[in-house]
Amino acid sequence: MSRVLLAGAAVTFLIVLVATAPDTRPVASTSPQVVHRSGVQDGPGLRALQARYKTLSKRLSQLKPSQPYILVDTARNRLYVKRQGEVVLDAIASTGSGTILDKPGDDTSQWIFDTPRGEFLVQSKLTKPTWIKPDWAFIEEGLGVPKNADERAEQGVLGDYALGFGKGYFIHGTLYTRLLGKNVTHGCIRLNDTDLKGVYTLARVGTPIMIF
Amino acid sequence: MNLCAILALFALTTPSWGKDLEAFPNLNLNDPGSVKEATRVLEEELKLAARPHTYVLIDLVGKTIHIKGRGVELHHMPLVQWSVGSWEKLTGVHRLVARPQVVRRKIEPGKGDEQEPISLTDMPADYDLSFASGLTINVAPLAEKGNLVQGIAFMGKAWWRRLKNWTSTIGTGQPSSSAAQLEITVSVDHAQSLAWSLVDGMAVLIRRSADR
């Protein structure tokens, strides 16, 4: 038993030595030096700076999502689900067209069909979603806006699943799979059936969605 | 307590440190000025990463533009070259006043399917970004090889800016406000990609380098 304890202590000691050893990485020749000398010289000052840098790096690292998150590249129309920085799902998407549509009877107001950029959260997960057509969907088609709410409901156009991320924006399916990879939507994010099912399975309510 | 338990306890209680935790893997940890600059940027970034917004980090040392959120890199693009007027004015968080203008196509009701969406190629490649802090970033696309006219145009523009700054300084006896200026050159694709990814009010951080 004492031998085991002795061996354990020796291994622990070695790990402590390695973990606390000063960084002896060589100076990278391609890394230019900053001109703003702070008066900090080698020694305790430098070590304090290094420790501060490492602490801050660790704190930044801790802000990264530990659970899967969704990343959307609107310029290249790609959606990724990542976990700890690793891609677990890579999908071709369709995002906002960036076009504009005038609001009838209002010269100063218009709809802009951009996919919003920034960080959002999955707020809802729906199966067999019904599209409640907004005003712009009728106006764009040159139709009048119905007064009866029932006339807005359309089945089967959003695919089997939809993930809402606020203000009426969803990740959903599409009938127009030939348009995947293009900026053609009114702000929502479209996927094919297989990828949509994958995202629906991996994401939970509260999963972050980062869009750029 | 056996050896495994000791090692497991040690692993859980010892702060780990690896390259993957480093915010700037290209940092020369033996140079106090570089570490101090990296620490300054990290302190600013931690505040931005704690909020649900995407932000931009222009790393003049690593010659890379990073689009980030929550400390996660969403996208990056290489910087070909850069030059700067005043080092001191690059510190802090710079808020973009307005993203570069893009000509949006208007949807004609009843002809929705015929409208061409905007795409990356519609984005400008040569533009100025103004920030609430007074900083201006001039984004210039890399002249295509052999395109003499384009090359001369870019050089002329750069000289014109310098001449304007110089005459302003001579005229007022004060350093020009436009001295808070960073000129960056990226490929055409990356200039357009950056313009696409920016949003009004977006925060930009700059990691400075001595390599002017």
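Quick note: numbers below take in every heavy atom, side chains included, and nothing from hydrogens, waters or symmetry partners. Letters A, B, ... mirror the listed sequences (proteins, then strands); counts begin at 1.
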_chain B interface, residue from G118(A), S97(A), G96(A) that has the most non-hydrogen pairs under 4.5 Å_ = S97(A)
*asked:* Which atoms of S197(B) are under 4.5 Å from chain A, going by heavy atoms: the side chain, the backbone, both sets, or neither?
replied: both
*Between the main-chain N or O of G69(B) and the side-chain N or O of E119(A), is there a donor-acceptor pair closer than 3.5 Å?*
no
*asked:* Using 0.5 Å steps for rounding, measure from the CG atom of L63(A) to the NZ atom of K68(B).
replied: 10.5 Å
_CD1 on I211(A) to OG1 on T54(B), rounded to 0.5 Å_ = 9.5 Å
*Should we say atom NZ of K133(A) is surrounded by more than 12 heavy atoms from elsewhere, each under 6.0 Å from it?*
yes
*So which of K82(A), Q62(A), R52(A) has the biggest tally of heavy-atom pairs under 4.5 Å with chain B?*
R52(A)
*Side-chain heavy-atom pair L60(A), L42(B) within 4.5 angstrom cut-off*: yes
_Structural part of I112(A) lying under 4.5 Å from a heavy atom of chain B_ = side chain
*Using non-hydrogen atoms only, which part of Y80(A) is less than 4.5 Å away from chain B: side chain, backbone, both, or neither?*
neither
*Please answer whether the main-chain N or O of W196(B) pairs with a side-chain N or O of R117(A) as donor and acceptor at a distance below 3.5 Å.*
yes
*Do T99(A) side-chain atoms and P117(B) backbone N/O form a donor-acceptor pair below 3.5 Å?*
no
*Using non-hydrogen atoms and a limit below 4.5 Å, what part of residues 97-105 of chain B faces chain A?*
R99(B), R104(B), R105(B)
*In Å, rounded to the nearest 0.5 Å, how long is the span from CD of E73(B) to NZ of K64(A)?*
9.0 Å
*asked:* Would you say that E22(B) contacts K54(A) through its side chain, given a criterion of any heavy-atom pair below 4.5 Å between the two side chains?
replied: no
*Please look at I67(B) and chain A and tell me whether the side chain, the backbone, both or neither of the residue comes under 4.5 angstrom of a heavy atom of that chain.*
side chain
_Interatomic distance, S193(B) atom OG to R76(A) atom CZ [nearest 0.5 angstrom]_ = 3.5 Å
*Please indicate whether D106(A) has more than 12 foreign heavy atoms, meaning atoms of other residues, nucleotides or ligands, lying under 6.0 Å from its CG.*
yes
_What part of F138(A) gets within 4.5 angstrom of chain B, counting heavy atoms only: side chain, backbone, both, or neither?_
neither
_Taking the side chain as everything from C-beta on, heavy atoms only, tell me whether I100(A) gets closer than 4.5 Å to I107(B)._
no
_Quick check on Q192(B) against chain A: is it the side chain, the backbone, both or neither that has a heavy atom closer than 4.5 Å?_
neither
*Between D122(B), L198(B), L74(B), which residue shows the highest count of heavy-atom pairs closer than 4.5 Å to chain A?*
L74(B)
_All salt bridge (charged side-chain N to carboxylate O under 4.0 Å, His left out) counterparts of K147(A), not counting sequence neighbours_ = none
_Test item: E43(B) and L56(A) side chains (from C-beta on) under 4.5 Å apart, heavy atoms_ = yes
*asked:* For a quick test of reading the model, state the closest non-hydrogen atom pair linking L29(B) to Q50(A) and the distance between them.
replied: O-NE2, 2.6 Å
*Using non-hydrogen atoms only, which part of L71(A) is less than 4.5 Å away from chain B: side chain, backbone, both, or neither?*
side chain
_Are R70(B) and M210(A) packed together at the side-chain level, in the sense that at least one heavy-atom pair is separated by less than 4.5 angstrom?_
yes
_Interface moiety of V72(B) toward chain A, non-hydrogen atoms closer than 4.5 Å_ = both
*Using a 4.5 Å cut-off on heavy atoms from C-beta on, say whether the side chain of E37(B) contacts that of Y53(A).*
no
*Considering non-hydrogen atoms only, spot the tightest contact between S57(A) and A23(B) and give its length.*
OG-N, 3.1 Å
*Is there a side-chain contact between L101(A) and P109(B) (heavy atoms, below 4.5 Å)?*
yes
